[in-house]
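Read through the structure below, which is laid out as structure tokens, and then see the notes.
Naming convention: chains lettered A, B, ... in sequence-line order (proteins, then strands); numbering from 1 in each chain.
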Number of protein chains: 2
Amino acid sequence: MNYKESHTLILDNIGRFIDLTELEKQKYISLLTEIEVKKKAFLMQAGEITRYEYFITKGCLKVYTLDEEGAPHISMFAVEDYWTGDMASFMDKEPSRYFIKATEDSELLGLSRANYDLLFQEIPKFERFYRILYQRSLVSYIRRSNHGISLTAEERYIEFKKKYPKIVNRITQKDLAGYIGITPEFMSKIISKVNRM
Amino acid sequence: MNYKESHTLILDNIGRFIDLTELEKQKYISLLTEIEVKKKAFLMQAGEITRYEYFITKGCLKVYTLDEEGAPHISMFAVEDYWTGDMASFMDKEPSRYFIKATEDSELLGLSRANYDLLFQEIPKFERFYRILYQRSLVSYIRRSNHGISLTAEERYIEFKKKYPKIVNRITQKDLAGYIGITPEFMSKIISKVNRM
DNA sequence: TAAAAGTCTTAAACTAGTTCATTTTTTTTC
DNA sequence: GAAAAAAAATGAACTAGTTTAAGACTTTTA
């Protein structure tokens with residue numbers, strides 16, 4: 001993907017919530033860093049302090065933690081047009097608990113912490129953009145944290161398929177199990193059951 | 001609680017993230033509505049369009065949905081110095097799925113949707129306040145939605161006690177079960193087990 | 001293109017959590 | 001302050017999801 005395409009993608013994403021002048025667009029783009037990650041490579045690992053907030057222009061990544069037994073718990077899959085990172089670590093400059101690993105060759109745009117702060121000084125409109133972006137993410141996480149707790153694994157799988165039909169075909173069953181919160185073995189049973197219905 | 005005390009509480013809460021002039025403080029206070037809810041009364045019910053975002057100055061409320069079988073799933077307990085409401089319904093003016101019920105006699109300050117919009121026009125600094133508020137809530141919900149899925153009920157109970165030591169003594173075991181995502185019977189067993197340890 | 005590594009499937013034995021039913025304890029209400 | 005209502009405790013039978021192990025299928029790597 002060339003620069004122009006990835007810039008159009010991120011500016012369109014921002015354009016959903018705020019209007020920018022040509023000058024502001026240029027200024028914004030100048031604050032971004034181009035990043036490439038090959039399949040299976042880490043964008044970031046637990047213990048590091050997150051340097052960027054990421055916007056995905058191409059590919060797919062998984063964001064996950066490891067529990068005491070070393071089992072992975074996937075908190076999100078990020079594909080084109082998604083934002084990702086570890087906000088807690090990014091904001092408070094504390095070591096992250098998350099790993100971010102590419103499941104396909106991927107391309108991203110990164111906004112560093114210094115540039116994030118600068119952004120609000122230079123284009124205060126971005127306070128609004130992030131206010132709305134966070135608000136919307138919040139609505140969906142509140143819903144997920146309730147559903148995660150109250151639905152059965154089978155119901156969560158059916159919801160995931162409905163909500164992310166494009167993602168479901170790009171990830172392994174094992175990773176999906178790590179997201180749904182069950183073992184790969186039980187995931188396999190659920191899938192064959194649901195497909196039989 | 002008198003007006004002055006509740007105004008100090010909310011202004012201190014806001015003061016954590018942004019600085020306001022005296023004039024701005026007055027302006028902000030003038031946009032708020034005083035609300036009282038008696039124990040067991042509803043602040044809001046599913047099907048209604050949420051009219052306010054609420055700040056609690058006294059008391060305790062539970063925010064919950066009912067599933068198809070009529071079982072309650074509690075998404076948060078809100079006590080003094082907390083913000084609550086249904087953001088999805090408030091923002092998009094769509095019917096809410098949530099009930100909010102007082103578990104103690106409570107007092108709140110409400111910001112209506114019209115005044116919320118006005119606020120950003122009159123004191124743009126509030127974009128920043130909400131950007132930071134939402135960002136912090138997001139961090140804790142992301143953590144909760146992962147933990148909710150990957151910890152056992154007993155671990156979730158121990159975490160809740162550690163994180164909200166003051167709330168745990170103000171709510172019933174039954175409501176806590178509705179938050180943790182288990183039956184009241186199993187909650188009872190966990191509590192007696194943990195206390196025995 | 002063969003070997004190695006990882007993913008998926010299946011099944012049996014197990015455990016965390018549910019359901020239903022009953023009794024005791026606490027809180028609410030008049 | 002007695003009666004009613006709600007919450008909490010306990011136990012037995014059940015179900016959703018885990019664990020372990022082994023074989024089949026796919027993808028990656030040299």
[atom1] of [X] versus [atom2] of [N]: gap in Å, rounded?
X      : N      : atom1 : atom2 : answer
A:I158 : D:dA16 : CD1   : C1'   : 15 Å
A:E69  : D:dT18 : CD    : P     : 13 Å
B:D105 : C:dT28 : CG    : C1'   : 13 Å
A:K174 : C:dT9  : NZ    : C1'   : 15 Å
B:L151 : D:dT18 : CG    : P     : 14 Å
B:I182 : D:dA7  : CD1   : P     : 16 Å
B:N195 : D:dT10 : CG    : C1'   : 16 Å
B:Q173 : D:dA6  : CD    : P     : 18 Å

Quick check on the 6.0 Å ring-centre criterion: do B:F99 and B:Y64 meet it?
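Yes, close enough.
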
Examine A:F120 together with A:Y130 and report whether their ring centres are nearer than 6.0 Å.
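Yes; A:Y130 has its ring centre under 6.0 Å from that of A:F120.
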
Across the strands shown, which category fits B:T152 at heavy-atom distances under 4.0 angstrom: base, sugar-phosphate, nothing?
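It contacts sugar-phosphate atoms only.
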
Applying a 4.0 Å non-hydrogen cut-off, can you work out what B:T183 is touching in the nucleic acid: base, sugar-phosphate, or nothing?
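Touches a base.
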
State which of [options] makes the closest approach to the side chain of [X].
X      : options                : answer
A:F186 : D:dG17, C:dG17, D:dT28 : D:dG17
B:E185 : C:dT19, D:dG17, C:dT10 : C:dT19
A:R156 : D:dG17, D:dT10, D:dA8  : D:dG17
B:S188 : C:dC8, D:dA8, C:dT18   : D:dA8
B:K40  : C:dG17, C:dT29, D:dG17 : C:dT29

Between B:P184 and A:M187, who's closer to the 5' end of DNA chain D by nearest nucleotide?
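Comparing both residues, the 5'-ward one is B:P184.
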
If you assign each of A:K189 and B:I171 to its closest nucleotide in DNA chain D, which residue comes earlier from the 5' end?
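The 5'-side residue here is B:I171.
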
How long is the gap from OH on B:Y54 to CG on B:L61, to the nearest 0.5 Å?
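B:Y54 OH to B:L61 CG: 10.0 Å, rounded to 0.5 Å.
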
Interatomic spacing from CG in B:L119 to NZ in B:K27 - rounded to 0.5 Å:
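With rounding to 0.5 Å, CG (B:L119) is 9.5 Å from NZ (B:K27).
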
If only side-chain N and O atoms of B:K39 are considered, is one of them under 4.0 Å from the OP1 or OP2 phosphate oxygen of C:dT27?
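Checking B:K39 against C:dT27: no side-chain N or O falls below 4.0 Å of OP1 or OP2.
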
Comparing B:A153 and A:I191 on DNA chain C - which has the more 5′ nearest nucleotide
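Residue closer to the 5' terminus by nearest nucleotide: A:I191.
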
Could you check whether B:R144 makes a cation-pi contact with B:Y179, meaning its NZ or CZ is under 6.0 Å from the centre of the six-membered ring and within 45° of the ring axis?
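That pair qualifies as a cation-pi contact.
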
